[in-house]
Q: 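Sharing a structure below in structure tokens format, with a few things to ask.
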Amino acid sequence: MNKDNFFEMVFEVVRQIPYGRVTSYGAIAEFLGAKRSSRMVGYAMNGAGKATPPVPAHRVVNRAGMLTGKAAFGSTDLMQELLEREGIKVKNDKIVDFKTVFWHPESLLES
């Protein structure tokens, strides 16, 4: 699978993350059958701003709920602001109640 196809698959999964929920780079990688490719998911998120239709990249965080991708938003606070607009609480660059707002891509298989 080439990088562009993988990125497009990542974008499709991220577009399915419900409003007010988040997932992790690793959960996306595992769902796509590339469990050890969390970093590649991160690279995809870095380029998500140019994708059409839009990709809600602010809903993807690391496995501990940290906003590790916030630098890609051009402003150090924009990722947090976008999450907070969706009702997700963030403190010290970490999602509060991460397990409660976590969404696993496997739920796509249930529908």
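This structure is a prediction, so every number in the text was calculated from the model and none was measured.
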Q: Would you check, one step at a time, whether the test side-chain contact (heavy atoms from CB on, under 4.5 Å) holds for V41 with F7?
A: CA-CA 7 Å; V41 173; F7 282 19; over 6 Å; no
Q: Verify the distance criterion only: is there a donor paired with an acceptor across the side chains of E81 and H58 at less than 3.5 Å?
A: no
Q: Is a side-chain N or O of N92 found less than 3.5 angstrom from the main chain of K94, in a donor-acceptor match?
A: no
Q: Look up atom OG1 in T68 and atom CZ in R63, then write down how far apart they are to the nearest 0.5 Å.
A: 10.5 Å
Q: Do the charged groups of K70 and D93 touch, with an N to O distance under 4.0 Å?
A: yes
Q: So, for G26 and S38, which heavy atoms are closest and what is the spacing to 0.1 Å?
A: CA-OG, 3.2 Å
Q: Please report the interatomic distance CG(L82) to CG(L67), rounded to the nearest 0.5 Å.
A: 10.5 Å
Q: Quick one, W103 and Q16 - any side-chain contact, counting heavy atoms below 4.5 Å?
A: yes
Q: Indicate, with yes or no, if Y25 and L108 share a hydrophobic cluster defined by side-chain heavy-atom contacts under 4.5 Å among Ile, Leu, Val, Met, Phe, Trp and Tyr.
A: yes
Q: Is there a side-chain contact between V55 and M45 in this structure, where contact means two heavy atoms from C-beta onward sitting under 4.5 Å apart?
A: yes
Q: Ignoring hydrogens, what is the shortest heavy-atom contact between G69 and M79? Give both atom names and the distance.
A: C-SD, 4.0 Å
Q: State the CG-CD1 distance between D97 and I88, to the nearest 0.5 angstrom.
A: 11.0 Å
Q: Look up atom CD in E86 and atom CD1 in I17, then write down how far apart they are to the nearest 0.5 Å.
A: 9.5 Å
Q: Under the rule for side chain to side chain contact (heavy atoms under 4.5 Å, CB included), what residues qualify as partners of S37, not counting sequence neighbours?
A: F6, A29, A34, M40
Q: Is there a continuous path of hydrophobic side-chain contacts, each under 4.5 Å between heavy atoms, that joins L78 to L83?
A: yes
Q: Distance check, rounded to the nearest 0.5 Å: F31 atom CZ versus S24 atom OG?
A: 13.0 Å
Q: Are Q80 and E84 close enough that a side-chain donor and a side-chain acceptor fall under 3.5 Å?
A: yes
Q: Count the heavy atoms belonging to other residues, nucleotides or ligands that lie under 6.0 Å from CZ of R39, then report whether that count exceeds 12.
A: no
Q: Is the shortest side-chain heavy-atom distance between V22 and V60 below 4.5 Å?
A: no
Q: Is any side-chain heavy atom of F102 closer than 4.5 Å to one of R21?
A: no
Q: Could you tell me whether the side chain of P56 reaches within less than 4.5 Å of the side chain of V14, counting heavy atoms only?
A: yes
Q: If you measure from CZ on F11 to CD1 on I28, what distance do you get to the nearest 0.5 Å?
A: 10.5 Å
Q: Would you say F73 and Y19 are hydrophobically clustered, going by side-chain heavy atoms of ILVMFWY under 4.5 Å?
A: no
